[in-house]
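Lettering of chains follows the sequences in order, A, B, ..., and the numbering in each one begins at 1.
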Amino acid sequence: MATQTVAATKMAQPEINYLNHERGLKSWLLTLDHKRIGLLYLVSVVFFFIVGGILALLIRWELLQPGQTIMSAETYNHIFTLHGAIMIFLFLIPAVPAVLGNFALPIMIGAKDVAFPRLNLASWYIFWLGALTMLVGIVTSGLDTGWTFYTPYSTMTSSGVTWVVLGAFILGFSSILTGLNFIVTVHKMRAPGMTWSRLPLFVWGLYATSIVQILATPVLGITLLLLALERILKIGIFDPALGGDPVLFQHFFWFYSHPAVYIMILPAFGIISELVGTFSRKGIFGYKFVALSSVAIAFLGFLVWGHHMYVAGQSATASTIFSLLTFLIGVPTGVKVLNWIASLYRGSIWLRTPLLYALAFLFVFPIGGFTGIALGTLGLDVPLHDTYFVVAHFHYVMVSGGLLAFLGGLHYWWPKMFGRLYNEKLAQLAALLIFVGFNVTFFPQFILGTQGMPRRYFDYVPEFTLLHQLSTVGSWILGAGLLLVAAYLLHSLVKGQPAPANPWGAGTLEWTHTGRIPSPHNFERIPVVTRGPYDYHLAEEIFGNGHQGQEAAVTPAQGQAPQPESTR
Amino acid sequence: MYAMILLQSTAWLPEAASSVAPEVDSLFLFWALVSTLLFIGVVGAMTFFVVRYRRRRLDEMPEPVKEKKAIELAWIVVPTILVLIVFTWGFRVFIKMYTAPPDAYEILVHGYQWYWEFEYPNGVKTTNELHVPAGQPVKLRMTSVDVIHSFYVPAFRVKQDVLPDRYSSLWFEATKPGEYTVFCAEYCGTQHSGMLAKVIVHPREEFEQWLENAGVPEDMPLAELGAKLYRDKACFSCHSLDGSRLVGPTFKGLFGSTRTFEDGSTAVADENYLREAILQPGARVVQGYPNVMPASYASLSEREVAALIEFIKQQQ
Amino acid sequence: MAHATHHIIPRPLLLKVFLALVALTIITALTGQADLGAFNFMHVPLAIGIAVIKATLVVLFFMGLKYDRPINALAFIIGLLMVGVFLTFTLLDMLYRGDIGNLDAQPIRGPQIEQVEAPSGSP
Amino acid sequence: MAGASEAVPGQAEAHVHHPPYLQHHFVSAEQQFDAAKLGMWIFLATEILLFSGMFVAYAIYRVWHPEVFQAASKLLDWRLGGLNTLVLLASSYTVALAVHYAQLGDQKRLVRNLWLTVVLAGVFMVVKYFEYSEKFHHHIFPGGNYAYEGLQIPYVGQFFSIYFVMTGIHGLHVLVGMGILAWIAMRAQRGHFSPEYYTPVEISALYWHLVDIIWIFLFPLLYLIH
């Protein structure tokens with residue numbers, strides 16, 4: 001039994017793993033280990049998620065009733081802008097790739113590290129440099145443009161646009177470095193036998209994401225630079241008072257910001273594939289399609305940005321072409337969902353927390369998808385554009401992709417990251433709270449939108465009160481669910497049951513070929529891959545010789561306290 | 001019960017009061033129906049599989065399911081056809097929405113931070129109230145004085161961004177007399193959510209009548225004109241009359257009081273100060289208030305400024 | 001060592017490429033200044049065409065992409081394709097601005113610069 | 001992955017003959033070289049896209065106001081632009097030679113060509129400095145600050161915005177390139193490179209060629225509008 005050799009040698013002496021082989025703050029701040037960098041990112045993005053989340057709760061509180069509730073209109077405008085900018089630039093974009101991707105991708109393809117470990121660490125420092133630069137602008141004069149920075153408002157306002165824009169410019173480099181690293185790693189660092197058709201789908205998702213990061217982020221860079229120069233030097237490219245064209249700015253902005261949506265959603269697709277595969281113990285239906293459609297979506301995603309601009313004054317010729325292409329991208333996305341559902345068919349489905357998040361995703365994401373179709377439709381978008389329908393739509397897509405998938409992935413890889421289990425019952429309760437809270441928060445917003453409630457409104461007409469209040473109550477449920485997650489995960493860090501090396505009976509390398517907690521260089525010896533990631537029926541080392549999968553040790557009965565692996 | 005309400009189209013869509021609205025609505029309902037059916041199918045299948053194939057024994061080893069090309073092909077082709085139907089339908093509605101009939105009645109629209117001004121062919125101007133005849137196509141030629149705004153009437157299902165230094169156009173034909181809300185749908189600053197207007201749809205003859213009587217009499221007393229301007233220029237959205245604090249200082253007791261400015265200096269609010277504060281709002285900003293008052297009031301006439309000052313004087 | 005990535009490009013070839021680049025620069029500078037009469041419309045295609053040839057020479061020989069792994073070429077080409085996408089789709093709006101009357105193609109006033117009496121002659 | 005834990009053949013030997021430049025997470029020097037090079041090509045693609053924004057802005061404003069671009073372009077000195085083109089092409093040639101000599105292990109010529117490249121880049125910047133100061137002297141500034149009395153037409157400011165931003169960012173790349181090449185030259189002097197390991201020379205040369213390519217396009221687009 002191949003894996004046991006690794007595990008058994010570990011048992012004999014105190015285990016050396018990536019967490020304990022070096023100690024002290026310096027060993028973390030100067031680490032080149034992709035797993036440790038993943039954790040540095042984890043702490044960072046969770047911090048910014050908390051900040052963005054508090055801002056979101058404040059927004060909902062203000063909207064509890066018409067008129068001023070807790071803050072002035074000016075403050076509200078700053079708060080919703082910061083919520084958007086922080087959640088997008090500092091949470092959604094780095095969350096899955098830089099945290100879970102950094103941690104898992106090299107192990108999943110059988111590499112000792114990413115191709116450029118120093119650039120990887122640099123990307124984390126650049127992330128903070130960008131975040132702090134943004135902070136300078138926010139602290140000194142706030143930001144009230146909306147995260148979209150539309151000109152000429154952004155060139156006229158006295159708030160800290162220049163600093164924030166330069167901060168986002170710097171953040172772009174961090175994103176580019178992560179993407180560049182992943183592409184090269186996937187191309188050049190795969191273990192022997194790890195062919196393209198044996199890549200786990202999470203790796204495919206990250207690969208496609210990286211393509212978008214590489215190709216779109218530089219355009220954001222130049223756009224923001226031109227915006228900063230517009231403010232500093234009055235270059236007159238975007239500012240109509242100087243002869244510039246504000247619609248041109250929107251083209252520049254959405255050339256990045258629409259593909260950026262795929263930076264947030266494609267890795268989520270990858271996580272869902274892993275979760276569905278592992279917890280139904282069955283191959284992903286249409287593996288090739290699911291893998292390649294990620295790459296196809298990455299490229300098609302560049303051809304549709306104009307669907308944000310149907311009512312902006314864009315030519316109808318452009319709008320029509322953008323609309324048609326938008327529908328074409330809807331098809332592979334829809335087929336992916338159907339493939340995941342089909343993968344459940346005749347599987348052996350094990351309802352654990354990570355899968356619950358995947359199922360929640362499969363409920364929430366299609367709603368985001370269908371409403372996306374409505375917004376891509378020329379005639380329908382006109383009344384719906386810039387209303388709460390759009391707000392609800394992108395929260396359905398981004399929260400399903402950025403939050404539900406991230407939480408699913410975090411719960412999935414948690415035992416591998418820290419070698420400890422969390423309280424399954426509480427985790428399931430939290431997943432339920434988050435699912436309910438999310439839908440109560442955002443579903444009413446669809447109705448608000450079709451009724452005509454515009455977005456970015458501090459105040460609203462009294463007819464909308466009931467739906468807004470429902471939404472606010474939902475945000476409290478969602479917040480409570482997230483607090484619960486934080487509580488039991490922190491508890492798990494300190495007092496969690498030790499996790500076995502492969503608690504879920506998964507078939508990818510990070511579970512089958514590393515110890516409870518991976519060693520500093522991941523593998524004692526580089527593995528040779530002989531089967532696909534979801535070929536459980538070929539996975540002798542998990543299920544061979546009458547073996548029942550390591551999870552047998554974890555779940556003698558549902559809900560009972562799991563025992564450590566050493567019982568074997 | 002909740003589900004019942006959701007199923008009613010009136011819970012979803014506001015009143016339909018323009019000629020194009022029913023077409024948008026039928027497209028919306030088609031989309032909603034197909035989406036709901038597909039969604040129920042997807043989530044239903046998911047739920048069924050999770051229950052039916054839940055893990056019963058720990059060592060269960062499901063047989064790999066053979067992929068069927070026919071299935072894969074079917075769920076590529078069917079959605080493609082569906083989205084192409086929606087695309088074509090949406091395209092036709094869109095073209096109709098934006099192609100104004102040649103005989104449309106033209107009204108000029110100016111967007112300001114944070115109010116709308118409408119100018120009729122005979123020179124009459126109104127603020128935040130757009131009067132239109134029912135049953136006749138109306139075309140709006142719109143431009144903005146400062147930042148991008150967006151003219152949005154939910155009941156008419158129309159929306160168009162309003163850009164500085166460019167004319168954009170929008171048309172509609174109101175079908176029912178009544179009052180409908182206009183929102184600004186493109187974020188435009190502090191009072192974005194206060195940038196509301198009304199479309200007042202008159203029966204045809206009534207509209208003609210209104211238009212004739214709408215001019216401002218030359219001899220209106222200053223204070224009365226000031227009160228009208230306070231309303232029309234939407235001063236009220238930032239300056240209260242009852243002493244409450246909005247975006248800007250209240251007008252109550254303003255005249256004759258001592259103002260303290262950002263740089264610590266002070267001045268008594270006399271006629272000259274009020275004049276400066278209206279025409280060059282950024283020159284001296286009262287402490288504790290944001291410098292957000294638009295400079296567009298510089299275009300007020302001498303008489304109008306005098307009227308406003310007179311009006312403010314009276315607010316003691 | 002695989003020779004695919006360690007191809008040594010002979011010095012005479014590098015020199016030839018350099019001389020070709022210099023020649024093309026001179027051609028583009030001269031035609032750029034010349035009055036082509038009836039063929040004046042050819043200025044832009046000519047200038048761009050020569051620039052593309054020059055860039056291709058640099059990429060293939062100086063950068064050695066001709067002898068390099070195809071994946072490196074792919075990375076570069078995809079980058080160029082995206083520039084094409086960006087340009088094409090933006091122009092689709094700019095060239096057809098106002099096709100449906102939703103927005104006028106021309107601004108109302110244009111840039112607000114102080115008009116100074118223009119003396120003739122160049123600096 | 002049954003039986004998957006066998007060692008990779010050659011893995012053990014690799015540890016025995018571990019060249020100093022080989023990082024631990026690579027299996028072979030070849031893998032390390034390939035990875036670095038692919039990384040660089042991808043980085044070059046991002047550079048192209050960074051510049052693409054300015055090329056798009058250029059195309060839009062030129063399509064809208066061709067006559068303005070024609071008139072404004074006359075204010076640029078095509079002879080200086082042409083000279084700079086030749087200087088950059090020469091520097092591209094010398095850096096290509098540097099790679100050539102690095103591959104052959106001719107350290108003296110490698111170092112000489114690298115320094116030659118840095119010097120040519122310096123010449124480029126000096127010419128650029130004279131061009132810029134002449135513009136500033138005539139109050140030719142970007143966009144709203146444009147105040148040259150010799151040519152007052154609407155949108156002329158836009159041309160110079162694009163001119164200054166494009167050449168400015170390009171110039172910044174030249175400066176960065178000078179720094180990198182000087183550093184590589186110093187490392188070469190210390191004998192860090194050999195025919196087995198010259199990756200830094202190769203990838204910085206790639207970067208330098210890209211800077212050249214950008215200028216190849218900037219020259220006709222800005223200086224030669226007829």
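- A distance-only check finds a donor-acceptor pair linking the side chain of D/Gln158 to the backbone of A/Leu242 [under 3.5 Å].
- Here CG of A/Leu119 is found 10.0 Å from CZ of D/Phe43. Values are rounded to the nearest 0.5 Å.
- Heavy-atom distances place the side chain of A/Arg118, and not its backbone, under 4.5 Å from chain D.
- Taking every heavy atom of both residues into account, A/Lys112 and D/His25 meet most closely at CB-CB, 3.8 Å.
- One finds the CG atom of D/Asp34 at 12.0 Å from the NE2 atom of A/His187 (value rounded to the nearest 0.5 Å).
- Atom OG of D/Ser161 and atom CD of A/Glu230 lie 7.5 Å apart (nearest 0.5 Å).
- With D/Asn145 contributing its side chain and A/Leu233 its backbone, the two residues share a donor-acceptor pair below 3.5 Å.
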Check step by step if side-chain contact (heavy atoms from CB on, under 4.5 Å) holds for A/Lys188 and D/Glu30. CA-CA 10 Å; A/Lys188 302 291 181 191; D/Glu30 187 65 23; over 6 Å; no
Check the pair D/Phe51 / A/Ile222 against side-chain contact (heavy atoms from CB on, under 4.5 Å), numbers first and verdict last. CA-CA 7 Å; D/Phe51 278 95; A/Ile222 190 66; over 6 Å; no
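- Interface remark: of the candidates A/Leu177, A/Val114, A/Asn181, A/Val114 forms the most heavy-atom pairs closer than 4.5 Å to chain D.
- For the pair A/Pro218/D/Glu47, no side-chain contact is recorded, criterion being any heavy-atom separation below 4.5 Å from C-beta on.
- Annotation: D/Lys135, atom NZ; neighbour count of heavy atoms from other residues, nucleotides and ligands within 6.0 Å is above 12.
- Only the side chain of A/Leu225 comes within less than 4.5 Å of a heavy atom of chain D; its backbone N, CA, C and O stay farther away.
- The shortest heavy-atom contact between D/Gly39 and A/Leu180 is O-CD1, 3.6 Å.
- Taking CE of D/Met54 as the reference point, atom CG of A/Leu226 lies at 7.0 Å (rounded to 0.5 Å).
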Evaluate the criterion side-chain contact (heavy atoms from CB on, under 4.5 Å) for residue pair A/Thr217 and D/Thr46; output intermediate values, then yes/no. CA-CA 8 Å; A/Thr217 318; D/Thr46 70; over 6 Å; no
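- The part of D/Ile169 that comes within reach of chain A is its side chain, from C-beta onward, which places non-hydrogen atoms under 4.5 angstrom from that chain.
- Proximity of A/Phe252 to D/Val56: side-chain heavy atoms (C-beta onward) are separated by under 4.5 Å at one or more points.
- For the pair D/Tyr61 and A/Ile237, the tightest heavy-atom approach, listed with the atom from each and the gap, is OH-O, 2.6 Å.
- With sequence neighbours excluded, the residues that form a ring pair (Phe, Tyr, Trp, His ring centres under 6.0 Å) with A/Phe302 are A/Phe255.
- With respect to chain D, the highest number of heavy-atom pairs below 4.5 Å among A/Asp535, A/Thr185, A/Ile235 belongs to A/Ile235.
- Here the side chains of A/Ile214 and D/Leu49 are not in contact, with every heavy-atom distance at 4.5 Å or above.
- Annotation: D/Phe26, atom CZ; neighbour count of heavy atoms from other residues, nucleotides and ligands within 6.0 Å is above 12.
- Using a 4.5 Å cut-off between heavy atoms, A/Ile176 contacts chain D through its side chain alone, with no backbone atom that close.
- Put simply, the side chain of A/Asp245 reaches to within 4.5 Å of the side chain of D/Trp64, judged on heavy atoms.
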